[in-house]
Amino acid sequence: MDTKWKQIDQYAQQWVKEAGKRIQETFQTELTIQTKSDRKDLVTNVDRETEQFFIEKIRSTFPDHHVLGEEGFGDELSTLDGIVWIIDPIDGTMNFIHQQRNFAISIGIFENGVGMLGYIYDVVHDELYYAKKGEGAFLNDKQLPRLQPVSIRESIISVNATWITENKHIDPNVLAPLVKEARGTRSYGSAALEMAYIAAGRLDAYITMRLSPWDFAGGLVIVEEAGGIVTNLYGEPLNLLGKNSVFVSKPGLHEEILQKYIHH
Ligand code: 2AM
Ligand code: CA
């Protein structure tokens, strides 16, 4: 990485840790909880304040960078030209509210659409997963080993029960046989953490039907640097300016699942 990107990385890591500390402090205070698109889509004052924290830092330090943030305090972007920070201040807000764990700060930094830096910070465990393009993926300064191929029968697949029951986005019969063949399934309720767990080898694949760019931007950089594959459910590249189905997997397993279960 050149000096410019080293500097961006240093600031990003510092701000992520500082934002995490602030989130921890809010556990002592009462949350203001509101719903967004539907009764299950939640936001709190902490989501908003955390996003504003990052935006103030970025605007004063890197005035020419752009920001796409879930809570809408960033820029309205129609292209990925230049340097773009894609931020989810709290991924897993429902977990944050109900469990005070299993949530993360997620950030991906892109240059002309190419993922350069990724961060997923599990605040409660003080675990920072991050990656720098071309330099690999790390968990708290320890490099993560490159992901190795695995078969469906030996895999743990992260998938929410939503997609195996009647829903608006996929026929439940598509993924049900995959769930049967896999060794096991899990669901953690934070797309960012599920992607971080793939990078760390704790999960083998993750499938979900409708995520926004801030849910997967950080994870995209981290998983790819760890040697994993990130596409939509049909094996196509993700669109960083819109909603996508998301299919993240170790190598080998990605091809096997696509061939055996996904037809379109
Ligand atoms: P969020 O907590 O940042 O909203 C939960 O299954 C995962 O899906 C979380 O990563 C959550 O991100 C994401 N998600 C995206 N859109 C959602 C929605 N409309 N409702 C609930 N979760 C959503
Ligand atoms: Ca969020």
Side-chain angles (χ1 to χ4, degrees), residues 15-16 19-20 22-23 26 31-55 67-74 85-108 118-125 127 129 157-165 167-170 172 175 179 185-199 202-203 205-223 230 232-233 238-248:
W15 296 339
V16 164
R22 286 161 170 254
I23 292 173
T26 68
L31 286 177
T32 309
I33 303 164
Q34 289 166 319
T35 55
K36 294 193 283 188
S37 60
D38 59 60
R39 73 184 172 88
K40 298 178 182 179
D41 188 7
L42 305 170
V43 64
T44 74
N45 56 307
V46 183
D47 298 64
R48 294 208 179 90
E49 287 158 18
T50 305
E51 181 165 312
Q52 282 167 321
F53 166 84
F54 281 111
I55 286 172
V67 187
L68 180 62
E70 172 165 21
E71 309 312 337
F73 298 106
W85 296 57
I86 304 183
I87 299 182
D88 191 342
I90 297 183
D91 184 72
T93 298
M94 193 184 291
N95 292 343
F96 173 66
I97 295 168
H98 286 255
Q99 309 179 327
Q100 293 82 49
R101 70 200 70 204
N102 300 322
F103 66 89
I105 298 171
S106 174
I107 299 180
Y119 307 88
I120 294 173
Y121 186 38
D122 179 341
V123 170
V124 172
H125 293 110
E127 287 184 326
Y129 303 81
I157 297 179
S158 185
V159 59
N160 194 294
T162 308
W163 313 125
I164 320 295
T165 50
N167 72 86
K168 275 188 259 171
H169 300 288
I170 188 170
L175 297 176
V179 166
T185 56
R186 299 290 184 271
S187 179
Y188 295 93
S190 158
L193 282 182
E194 288 166 294
M195 293 178 82
Y197 291 174
I198 291 195
R202 301 174 193 169
L203 290 173
Y206 169 52
I207 295 175
T208 191
M209 291 311 298
R210 200 169 152 82
L211 291 184
S212 297
W214 39 80
D215 298 314
F216 59 75
L220 171 64
V221 183
I222 297 169
V223 170
V230 183
N232 69 13
L233 186 60
L238 296 180
N239 169 12
L240 286 156
L241 292 170
K243 290 194 195 304
N244 297 252
S245 59
V246 173
F247 172 25
V248 185

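Read the numbers this way: they start at 1 and go in the same order the structure lists the ligands and their atoms.
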Q: What N, O or S atom of E70 is found closest to the Ca ion (ligand 2)?
A: OE1
Q: Hey, could you give me the CE/CG distance between M209 and L175, rounded to the nearest 0.5 Å?
A: 7.5 Å
Q: Nearest 0.5 Å, please: how far is CH2 in W85 from CD1 in I55?
A: 11.0 Å
Q: What distance do T44 atom OG1 and I90 atom CD1 have between them, rounded to the nearest 0.5 Å?
A: 5.0 Å
Q: Which N/O/S atom belongs to D88 and is the closest one to the Ca ion (ligand 2)?
A: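 Relative to the Ca ion (ligand 2), the closest nitrogen, oxygen or sulfur of D88 carries the name OD1.
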Q: Enumerate the residue pairs fulfilling salt bridge (charged side-chain N to carboxylate O under 4.0 Å, His left out) with a member in residues 31-43, sequence neighbours excluded, ordered by first and then second residue.
A: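 For residues 31-43, and leaving out neighbouring residues, the salt bridge (charged side-chain N to carboxylate O under 4.0 Å, His left out) pairs sorted by first residue read K36-E70, K36-E71.
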Q: Among residues at least two apart in sequence or on other chains, which ones pass ring-ring contact (aromatic ring centres under 6.0 Å, His included) with F53?
A: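 Checked F53 against ring-ring contact (aromatic ring centres under 6.0 Å, His included); zero matches.
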Q: Can you name the residues that form a salt bridge (Lys or Arg N to Asp or Glu O under 4.0 Å) with R202, not counting sequence neighbours?
A: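 So R202 forms a salt bridge (Lys or Arg N to Asp or Glu O under 4.0 Å) with E127.
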Q: Show the protein residues that qualify under the rule heavy atom under 4.0 Å from an atom of ligand 1, listing them in chain and number order.
A: S37, K40, D41, E70, D88, I90, D91, G92, T93, G189, S190, A191, L211, D215
Q: Enter the distance from I157:CD1 to I198:CD1 here, rounded to the nearest 0.5 Å.
A: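 Result: 9.0 Å between the selected atoms.
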Q: For the Ca ion (ligand 2), does an N/O/S atom of I90 lie at less than 3.0 Å?
A: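 Coordinating: yes.
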